[in-house]
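For reference, the structure discussed in these notes is given below.
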Amino acid sequence: MTNEELKKEILKLKKEKNAVILAHYYQIDDIQEIADVRGDSLALAIEATKLNSDIIVFCGVRFMAETAKVLCPDRKVLIPEINSVCPLADMATKEEVLKKKEELGNPTVVSYVNTNVDVKTVSDICCTSANAVNVVKSLDENRVLFVPDRNLGSYVKEQVQEKEVILWDGYCPVHEEYSTKDLKKLKEEHPDAKVAVHPESPKAIRDMADFIGSTSGIINYVSKTDANEFIIGTEEGILYELKLNNPGKEFYIIGSKSVCTNMKKITLESLYRALKDEIYEIELDEETIELAKKPIERMISIKRT
Ligand code: 13P
Ligand code: SF4
């Protein structure tokens, strides 16, 4: 089938099966185009709870689909590619977190949503890059173990100096790649461009930015900022939304290409197959859902930055 035929079939199956398609901003353009909702990881988790459908097809990495399942246990949650995982999430296991927590004398565990679901079951509260600062500020406790992203964690540490934030040593391989040399070169080539980067970027990159924020934060910043050129420090899938909302503006990605290969595993073919054969279903046991729900719901009750 051609892409246009696949899109038609997907929309037909979606209607027949009362399904909704949620797509993260890092998905390929064709998937973002036909999704019911595009969003960042926090918005998609919240959106999943509001949509009235029998099936949720989550086009993102596995921890995102797991979060949707935890929040909507009665719904069938599908991910088109079961191997679409987040390497950052895999940098912390439940056992490692429990061990570290004990060694450190029981600090409050704040886990980034980019964790596998069993890590959430032993976390006190979750956060996303959109609300991490507010989540940590909201805590009564003063000692925090921030799992697993050291870059987002160090950004939070800078913003919430009144608390002791202990960092895990994980990182996102996509954002970790950015070099100050590439960014300097882009800034020289486009001296009027504003620089907007994701907080998963290393500190040296964040220090050169005009704006630091989640994918939705970057999208809002670009729309409301009166500049014609922007240097973007996050995965290139974000360009779909940026170009759609800002037809006259120019965008340059740090290092010219920034691709999360896991996000890109989902294709129109796999989305079609997911809807047709109802695969791959996210299945979690009741206890995991109950335990993981607490830190996620606690996070949702905190205001966004
Ligand atoms: P957002 O929470 O900004 O959508 O980011 C998710 C992610 O995986 C960043 O790499
Ligand atoms: Fe994970 Fe990085 Fe891909 Fe985001 S961009 S899903 S943090 S590997």
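Read the numbers this way: they start at 1 and go in the same order the structure lists the ligands and their atoms. Just so you know, these numbers use all the heavy atoms, side chains as well, and skip hydrogens, waters and symmetry mates.
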Would you mind listing every ring-ring contact (aromatic ring centres under 6.0 Å, His included) that reaches into residues 190-221, with sequence neighbours excluded? His175-His198, His190-Tyr252, Phe211-Tyr221
Which of the ligand 2 atoms, numbered from 1, are nearer than 4.0 Å to a heavy atom of Tyr26: 4 (Fe), 5 (S)
If you look at each N/O of ligand 1, which protein N/O atoms lie under 3.5 Å away, and at what distance?
unit_1, atom_1, unit_2, atom_2, d
ligand 1, 2 (O), Ser41, OG, 2.6
ligand 1, 2 (O), Ser129, OG, 3.3
ligand 1, 3 (O), Ser129, OG, 3.1
ligand 1, 3 (O), His198, NE2, 3.0
ligand 1, 3 (O), Thr215, N, 2.9
ligand 1, 3 (O), Thr215, OG1, 3.1
ligand 1, 4 (O), His24, NE2, 2.7
ligand 1, 4 (O), Ser41, N, 3.1
ligand 1, 4 (O), Thr215, OG1, 3.0
ligand 1, 5 (O), His198, NE2, 3.3
ligand 1, 8 (O), Asn114, ND2, 3.2
ligand 1, 10 (O), Tyr26, OH, 3.4
ligand 1, 10 (O), Glu200, OE1, 2.9
ligand 1, 10 (O), Glu200, OE2, 3.3

Start with the C-alpha distance between Thr215 and Tyr26, add both sets of side-chain angles, then the distance that settles side-chain hydrogen bond (donor to acceptor under 3.5 Å, both in side chains), and finish with yes or no. CA-CA 9 Å; Thr215 47; Tyr26 296 164; 5.4 Å; no
Which of Arg62, Lys265, Arg273 passes salt bridge (Lys or Arg N to Asp or Glu O under 4.0 Å) with Glu81? It is Arg273
Flag the pair Met1 / Tyr272 as yes when at least one side-chain heavy-atom distance between them is below 4.5 Å, and no otherwise. yes
Closest non-hydrogen atom pair, Ile34 against Ile10: CD1-CG2, 3.7 Å
Testing the basics here: between Val113 and Ser41, what is the closest heavy-atom pair and its distance to 0.1 Å? CG2-OG, 3.8 Å
Hits for side-chain hydrogen bond (donor to acceptor under 3.5 Å, both in side chains) against Asn246, two or more places apart or cross-chain, chain-then-number order -> none
What is the minimum heavy-atom distance between Ile296 and Lys120, and which atoms define it? CD1-CD, 3.9 Å
Got Lys203 and Asp207 here, is their nearest side-chain heavy-atom distance under 4.5 Å? yes
Atom 2 (Fe) of ligand 2 - number of protein N/O/S atoms closer than 2.8 Å: 1
